[in-house]
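Notes follow once the structure below has been shown.
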2 protein chains.
Amino acid sequence: MIYENILEQLSSQKCKLTLQRRELLKILIRARTPLAAREIYDRMLKKYPNMSFDTVYRNLSLLQEMQIVNRLEFQEGRSRYELNLSQDHHHHLVCLKCGGTWKLRACPLEGLNIVNTVPEDFKITTHRFEVFGYCRQCRD
Amino acid sequence: MIYENILEQLSSQKCKLTLQRRELLKILIRARTPLAAREIYDRMLKKYPNMSFDTVYRNLSLLQEMQIVNRLEFQEGRSRYELNLSQDHHHHLVCLKCGGTWKLRACPLEGLNIVNTVPEDFKITTHRFEVFGYCRQCRD
DNA sequence: CTTCTAAATCAGAATCTTTCTGATTTTATT
DNA sequence: AATAAAATCAGAAAGATTCTGATTTAGAAG
């Protein structure tokens with residue numbers, strides 16, 4: 001369902017439904033946590049052993065522009081990617097030891113307090129919020 | 001004053017007050033916006049033309065561990081650094097076109113709303129919050 | 001002031017992520 | 001089945017950051 005909707009959205013924008021693109025989407029849909037480009041590439045290699053790494057990056061950029069994918073940065077020196085499902089706006093709780101992530105539904109922009117401190121002449125487009133620390137397993 | 005306090009703090013931790021380290025601190029104190037490692041290096045070269053880039057990174061890591069410096073990521077593919085002055089906790093407003101930044105004094109963790117949504121068994125150590133968009137000059 | 005040692009620096013290579021280039025292949029339409 | 005635009009592949013390139021091994025230096029001790 002999600003998968004078909006996204007394919008539909010891609011088609012309507014004249015994007016070709018290549019095998020690699022389909023596989024990337026399936027991987028993102030299956031993923032339980034945000035994945036690094038490298039992790040996505042490794043999984044795709046199993047099905048398409050001759051794949052170019054570039055294909056992963058090109059498609060992730062495309063999907064990000066189409067707002068189908070979110071690019072996240074958790075101070076790990078590389079980005080991670082997750083599906084951007086409407087009606088599921090969230091932020092992340094990130095464990096600094098194991099790298100585990102959990103969704104945080106509360107959003108700083110929802111209360112008006114913060115938005116009120118932004119100058120009126122600044123046009124907000126996006127925002128990021130992450131909480132770092134140690135999960136139950138990793139804290140001492 | 002700020003400068004002397006930091007030198008004092010470094011000394012007390014048995015860190016040597018090398019010329020390069022002093023210069024780096026002066027640059028950060030003078031800076032009006034967070035600087036990329038490359039920008040810091042370029043400024044240091046004027047005074048120490050034989051400097052190694054590595055020295056910049058090594059010292060920034062050290063200062064970050066000592067909580068004298070904040071490392072920021074504004075989705076530009078590289079980090080930026082700023083002094084971490086106590087009593088000046090803030091986040092950033094970042095212009096996606098010109099790269100300009102402004103301080104945002106409101107903090108998502110101040111209201112209890114968000115903290116309440118974090119599981120009790122997660123030990124929070126740090127957090128990040130950035131608002132992206134277009135500044136007065138850059139919006140159409 | 002001189003000696004000494006750990007810490008810091010330099011120079012350059014290495015690593016890693018991400019982007020680019022040019023040739024080839026594929027999707028989807030005609 | 002032919003076609004053109006889009007996408008892919010393979011490998012190089014760019015850029016940030018980290019590492020290595022030899023050399024230098026800050027600060028302490030004599």
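If you're wondering where the values come from, they're calculated on a predicted model, not measured in any experiment. Order of the sequence lines fixes the chain letters, A, B, ..., with proteins taken first and strands second; residue numbering starts at 1 for each chain.
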Notebook entry, point to check: With sequence neighbours left out, which residue pairs that include part of residues 116-125 of chain A fulfil the salt bridge (charged side-chain N to carboxylate O under 4.0 Å, His left out) condition?
Noted result: A/D121-B/R136
Just jot down the salt bridge (charged side-chain N to carboxylate O under 4.0 Å, His left out) partners of [X], sequence neighbours excluded, or say none.
X      : answer
B/R22  : none
B/K97  : none
A/E8   : none
A/R128 : A/E73, B/E130

Contact list (N/O, under 3.5 angstrom) for nucleotides 19-24 of chain D vs protein:
from, atom 1, to, atom 2, distance (Å)
D/dC19, N4, B/D54, OD1, 2.7

Check: Would you say A/Q67 has more than 12 foreign heavy atoms packed within less than 6.0 Å of its CD?
Finding: no
For nucleotides 13-17 of chain C, tabulate all protein N/O to nucleotide N/O atom pairs closer than 3.5 Å, reporting atom names and distance.
from, atom 1, to, atom 2, distance (Å)
C/dT17, OP1, A/R78, NH1, 3.4

Notebook entry, point to check: With a non-hydrogen cut-off below 4.0 angstrom, is A/R21 in contact with a base, only sugar-phosphate, or nothing?
Noted result: sugar-phosphate
Next item on the list: Kindly state each residue pair satisfying ring-ring contact (aromatic ring centres under 6.0 Å, His included) with at least one member in residues 57-77 of chain B, sequence neighbours excluded.
Entry: B/F53-B/Y57, B/F74-B/H92
Note to self: Closest-nucleotide mapping onto DNA chain D: is A/L62 or A/N50 further toward the 5' terminus? I mean the 5' end.
What the structure shows: A/L62
Identify each donor-acceptor pair in which a side-chain atom of residues 25-36 of chain B lies under 3.5 Å from a protein atom, sequence neighbours left out, and give them as a table.
none

Anything under 3.5 Å between a protein N or O and an N or O of nucleotides 26-29 of chain C, put it in a table, one pair a line.
from, atom 1, to, atom 2, distance (Å)
C/dT27, O2, A/K16, NZ, 2.6
C/dA28, OP1, A/L17, N, 3.0

Next item on the list: State which residues pass side-chain hydrogen bond (donor to acceptor under 3.5 Å, both in side chains) with A/K103; sequence neighbours excluded, sorted by chain then number.
Entry: A/D88
Checklist line | With sequence neighbours excluded, residues passing side-chain contact (heavy atoms from CB on, under 4.5 Å) with A/T126 | finding: B/Q75, B/F132
Next item on the list: Grab the CD-C1' distance between B/E23 and C/dA8 for me, whole Å please.
Entry: 17 Å
